[in-house]
Amino acid sequence: MRNNIYTLLLLLLFTSVNAQEYSKLISDAHQSYQAKDYKMSTDLYGKAFKIEDKNPSHLYNGACSSSLAGNTKNAFKWLNLSIEKGWTNLKHLKSDTDLENLHSKKEWKKTIEKLEKKLELIEANYDKPLQTELLTIFEEDQKYRIQMNETQKKFGQDSKEMQDLWKIANQKDSINLLKVKKILDEKGWVGKDKVGAQANSALFLVIQHSDLETQKKYLPMMKEAVTKGNASSSSLALLIDRIEIREGRKQIYGSQIGINPNTNTQYILPLIDPDNVDKRRTEVGLGSIADYIKNWNLIWDVEKYKSELPELEKLNK
């Protein structure tokens, strides 16, 4: 029995180390892609996929880097594997300029046809009216938030333009919430197998942007949906973080960003066990916190964050 336990512990340790190495390689590959070093990005994706090749988005991104690097053999290999593993966004596939190098190859038509046939089988069981409704909700939820990024850069966070956008967004959120509550109460957390991935994600987005009591009400339903494959574990992590922060506790995955009123600078809201945040993020399918906070032009320094944490906690009270 001791030998069996020892073997199990070694296996768990090996799995954890591999997961961390995979996450780092994917992160480095993405950084190389952003730096337009597509050959390096392709090499890093290749190393990552030797550890694991299950994530359709990562495989698709690897195909993009390979295409841009002129490595069409790898590009088609990873693109087809991404389709096998669950990539279904045909519209994006056809319009993605990263893949233009593949369009003249005979394999391109075969790849498109492969995805089209797969979608025909998948969508045969879709609830089309519900999918259409959720896709409209998704568009309404994201439309004004996308505009906010540019508006904030141009006019500032406290500008009249931003206030006007928030007013419209809040009105849309209220309407969308009524619709989503009705869907959840009558049909439950409808999975992507019934409405598609994007329509399915609309359920989370609307709940994530709702009031605290609504979030708490539907949290158990979303947890159950994750266990059934009807919701994303990474989305659930974001909802959990938001609830934790709103109730005055520390977040778990580091997804919530605040503004320090004293310095008018952004920061990661109070976080439990900062040393192991990437381990927790990996477990739910999130990338490294260092990459995540680059969206706010922040740099992750765990020791500095831990030293500042007591003061950050005061800001959140």
Side-chain angles (χ1 to χ4, degrees), residues 10-119 192 197 229 232-234 237 253 276-295 299-300:
L10 282 178
L11 179 61
L12 290 172
L13 178 61
F14 180 73
T15 302
S16 176
V17 170
N18 271 357
Q20 291 179 32
E21 177 64 14
Y22 175 84
S23 180
K24 185 177 187 308
L25 285 167
I26 292 296
S27 173
D28 291 345
H30 179 62
Q31 287 182 32
S32 294
Y33 167 87
Q34 290 184 313
K36 298 185 178 181
D37 189 345
Y38 303 122
K39 184 180 184 305
M40 175 62 73
S41 180
T42 300
D43 291 343
L44 290 166
Y45 275 119
K47 291 178 181 178
F49 298 151
K50 286 180 180 178
I51 298 173
E52 179 183 301
D53 58 0
K54 298 178 181 178
N55 187 303
S57 294
H58 294 167
L59 288 162
Y60 180 88
N61 291 339
C64 289
S65 289
S66 294
S67 172
L68 291 166
N71 189 337
T72 57
K73 182 179 178 180
N74 257 1
F76 278 115
K77 176 184 175 182
W78 292 340
L79 191 57
N80 280 281
L81 191 55
S82 75
I83 293 171
E84 291 173 17
K85 300 296 183 180
W87 177 270
T88 57
N89 196 333
L90 180 62
K91 182 179 179 181
H92 183 76
L93 176 66
K94 287 181 175 181
S95 63
D96 194 339
T97 55
D98 286 354
L99 302 176
E100 285 182 352
N101 289 339
L102 309 182
H103 290 188
S104 61
K105 309 297 180 182
K106 61 181 181 180
E107 293 96 331
W108 178 250
K109 184 178 178 181
K110 293 179 181 178
T111 301
I112 295 295
E113 289 175 348
K114 178 179 181 178
L115 182 51
E116 287 175 338
K117 288 178 181 178
K118 182 175 182 178
L119 287 174
K192 62 182 180 181
S232 163
S233 57
S234 59
Y253 303 100
N276 292 301
V277 62
D278 276 340
K279 180 180 178 181
R280 297 191 297 276
R281 289 176 66 86
T282 299
E283 288 170 351
V284 296
L286 293 170
S288 72
I289 194 165
D291 281 343
Y292 175 70
I293 64 174
K294 285 178 182 177
N295 293 311
I299 298 173
W300 178 242

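Here the structure is a predicted model, which is why all the values come from computation and not from measurement. The chain is numbered in sequence order, starting from 1.
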Those residues that, when tested against Thr88, pass side-chain contact (heavy atoms from CB on, under 4.5 Å) (two or more places apart):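 With neighbours one apart ignored, the set is Leu119, Ile122.
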Report the residues that fulfil side-chain contact (heavy atoms from CB on, under 4.5 Å) with Glu113, sequence neighbours left out, ordered by chain and then residue number.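 If we apply the side-chain contact (heavy atoms from CB on, under 4.5 Å) test to Glu113, skipping adjacent residues, the hits are Lys109, Glu116.
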Distance-minimising heavy-atom pair for [X] and [Y]:
X	Y	answer
Ile299	Ile293	C-CD1, 3.6 Å
Asn101	Ser104	O-OG, 4.1 Å
Ser23	Ser288	OG-N, 4.3 Å
Val277	Ile289	CG1-CG2, 3.9 Å

Reported [atom1]-to-[atom2] distance for the pair [X] and [Y], which is rounded to 0.5 angstrom:
X	Y	atom1	atom2	result
Leu93	Ser82	CG	OG	7.5 Å
His30	Asp291	NE2	CG	6.5 Å
Glu84	Asp53	CD	CG	9.5 Å
Lys94	Asn89	NZ	CG	11.5 Å
Leu81	Lys77	CG	NZ	8.0 Å
Lys118	Leu90	NZ	CG	12.0 Å

Salt bridge (charged side-chain N to carboxylate O under 4.0 Å, His left out) partners of Asp28, counting only residues at least two apart: Lys24
Check salt bridge (charged side-chain N to carboxylate O under 4.0 Å, His left out) between Arg281 and all other residues, then give those that pass, not counting sequence neighbours.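 Salt bridge (charged side-chain N to carboxylate O under 4.0 Å, His left out) list for Arg281, sorted by chain: empty.
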Could you tell me if the side chain of [Y] sits less than 4.5 Å from the side chain of [X], heavy atoms only?
X	Y	value
Lys294	Gln34	no
Ile26	Asn55	no
His92	Trp87	yes
Val284	Tyr253	yes
Lys114	Lys110	no
Thr42	Trp78	yes

Distance-only donor-acceptor hits, side chain of residues 56-72, under 3.5 Å, sequence neighbours excluded:
| unit_1 | atom_1 | unit_2 | atom_2 | d |
| --- | --- | --- | --- | --- |
| His58 | ND1 | Tyr22 | OH | 2.8 |
| Tyr60 | OH | Asp96 | OD2 | 2.6 |
| Asn61 | ND2 | Ser57 | O | 3.3 |
| Ser65 | OG | Ser41 | OG | 2.8 |
| Ser66 | OG | Gly62 | O | 3.0 |
| Ser67 | OG | Asp98 | O | 2.7 |
| Asn71 | OD1 | Asn74 | N | 3.1 |

Residues in ring pair (Phe, Tyr, Trp, His ring centres under 6.0 Å) with Phe76, at least two apart? none
Do the side chain of Lys47 and the main chain of Leu25 share a donor and acceptor less than 3.5 angstrom apart? no
